Visitor: 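I'd like to ask some things about the structure below.
Just so it is clear, the model here is predicted, and its values are computed rather than measured.
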Amino acid sequence: MANFAAVLGLFSTLRSTPPRWKCTPISTHAPGVLEPEGIVEIKMRRDKILSLMERLDSTYASLKAASKDLTNTNEEKAAASVALADRENFLQPTYKQIALLYADLHDRTGRMEAKGCAKPAVWKETRRFFYWALRARLARSEALAQLADSNPEATPELLEKLLDSLVSAAVDRSDNRALANALVELDLMSTLVRLRTDCLLQRFLEVAQQDRKASIDGLVRLVDTLSYDERQALHSALQNTRSPGPPSYSN
């Protein structure tokens, strides 16, 4: 129970933090979501095992039919029932073991791959693989940190999508070396400026909605500090004011 609580706590922590975790199971790895005994206890109760015995074991099926055959005498039915119970006790350990093995196979990397939780990989150069995988992960984390610093109010999901859009579509995302180099060489300067600008504008709009008079007074004071060229740019922008669309951060 303590282990289960610890797993729930870790899962809760991972969901509430940025996605910086990546698990790499080996071929004999078992996720251990639920022990095979627990799966069998839930999915393969006694009635299902007995039904399976009747379908697969001809001796069990004939004894069960004989125990319920109305044409048989009571003694024959009783004898068939005793033999049926003996047959069930004989088959039970084998069927239970097969059920446990089947449940265990559903908690292996093969099922993880089938469910899309893991990707198959055969590593001839394991150190090189993990080196570039780590380089790609660190480069991505660094880029996301810069984006988050420029606009702390942006959601992690938005920043993830933004970063993905900035990386060239020609880059093979499954190639860690190519992805790491692309992220390192990525020029984020203009994107960071636009993110920061959008954040400041959003904050200004929020303040303006709270106190319009104070915002206008502050804007007037700001205009007094502008140069001639900046005033001309502001005048031109006011003349062409229209409802702005969603911001674009692409280079």
Side-chain angles (χ1 to χ4, degrees), residues 1-127 129-130 133 137 156-157 160-161 172-176:
M1 193 66 180
N3 290 338
F4 182 69
V7 171
L8 284 181
L10 176 60
F11 179 73
S12 176
T13 301
L14 293 180
R15 291 196 63 183
S16 62
T17 55
R20 295 174 182 170
W21 292 74
K22 185 174 183 179
C23 297
T24 306
I26 59 176
S27 58
T28 57
H29 176 76
V33 177
L34 186 61
E35 293 296 328
E37 290 79 3
I39 298 176
V40 172
E41 186 69 24
I42 296 172
K43 295 292 187 179
M44 289 295 291
R45 298 185 183 276
R46 182 173 179 272
D47 58 331
K48 291 186 177 181
I49 293 181
L50 295 181
S51 177
L52 195 62
M53 289 180 183
E54 183 179 4
R55 180 165 61 88
L56 299 179
D57 187 75
S58 58
T59 302
Y60 183 91
S62 61
L63 288 173
K64 185 173 183 179
S67 67
K68 296 182 179 181
D69 192 347
L70 298 178
T71 62
N72 292 338
T73 63
N74 291 336
E75 291 77 8
E76 290 174 335
K77 289 181 181 179
S81 296
V82 172
L84 180 65
D86 291 340
R87 186 66 178 175
E88 177 184 335
N89 292 332
F90 174 75
L91 295 175
Q92 184 75 20
T94 301
Y95 277 68
K96 183 68 175 293
Q97 194 64 31
I98 293 174
L100 289 173
L101 178 60
Y102 184 76
D104 184 59
L105 290 175
H106 274 64
D107 198 32
R108 296 288 175 177
T109 52
R111 290 303 300 164
M112 293 173 66
E113 178 186 346
K115 289 295 184 180
C117 302
K119 296 180 180 179
V122 177
W123 303 314
K124 295 181 180 180
E125 300 177 350
T126 308
R127 289 188 177 183
F129 173 86
F130 281 108
R137 180 66 56 153
E157 292 78 12
E160 289 273 352
K161 292 180 180 179
D172 184 2
R173 308 304 171 96
S174 63
D175 186 345
N176 289 317

Visitor: Applying side-chain contact (heavy atoms from CB on, under 4.5 Å), can you list everything that pairs with D172, at least two apart in sequence or on another chain?
Guide: S174, D175
Visitor: Please round to the nearest 0.5 Å and tell me the distance separating atom CD1 of I39 and atom CD of E37.
Guide: 9.0 Å
Visitor: List the residues meeting side-chain contact (heavy atoms from CB on, under 4.5 Å) with L52, not counting sequence neighbours, and say none if there are none.
Guide: M44, R55, L56, Y95
Visitor: Going from CZ on R45 to CD1 on I49, what distance comes out if it is rounded to the nearest 0.5 angstrom?
Guide: 11.0 Å
Visitor: For residues 73-86, dump all side-chain donor-acceptor pairs below 3.5 Å to protein atoms at least two apart in sequence or in another chain.
Guide:
residue	atom	partner	partner atom	Å
T73	OG1	E76	N	3.2
E76	OE1	T73	N	3.0
S81	OG	K77	O	2.9

Visitor: Looking at residues at least two apart in the chain, or sitting in another chain, which of them share a ring pair (Phe, Tyr, Trp, His ring centres under 6.0 Å) with F90?
Guide: none
Visitor: Mind checking what makes side-chain hydrogen bond (donor to acceptor under 3.5 Å, both in side chains) contact with R46, not counting sequence neighbours?
Guide: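 Once residues adjacent in sequence are excluded, the partners of R46 under the side-chain hydrogen bond (donor to acceptor under 3.5 Å, both in side chains) criterion are E88.
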Visitor: What are the two closest non-hydrogen atoms of D57 and R87, and how far apart are they?
Guide: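 It is OD1-NH2, 2.8 Å.
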Visitor: Kindly write out the residues that satisfy side-chain contact (heavy atoms from CB on, under 4.5 Å) with E54, not counting sequence neighbours, or none if the list is empty.
Guide: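 Result, side-chain contact (heavy atoms from CB on, under 4.5 Å) vs E54: Y60, A61, K64.
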Visitor: To the closest 0.5 Å, what do you measure between OG1 (T94) and CE (M53)?
Guide: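 With rounding to 0.5 Å, OG1 (T94) is 8.5 Å from CE (M53).
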Visitor: Looking at E41, I'd like to know if its CD atom is crowded, meaning that more than 12 non-hydrogen atoms belonging to other residues, nucleotides or ligands lie closer than 6.0 Å.
Guide: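 Not more than 12 within 6.0 Å, no.
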Visitor: Just to verify, what does S58 make a side-chain hydrogen bond (donor to acceptor under 3.5 Å, both in side chains) with, not counting sequence neighbours?
Guide: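 With neighbours one apart ignored, the set is empty.
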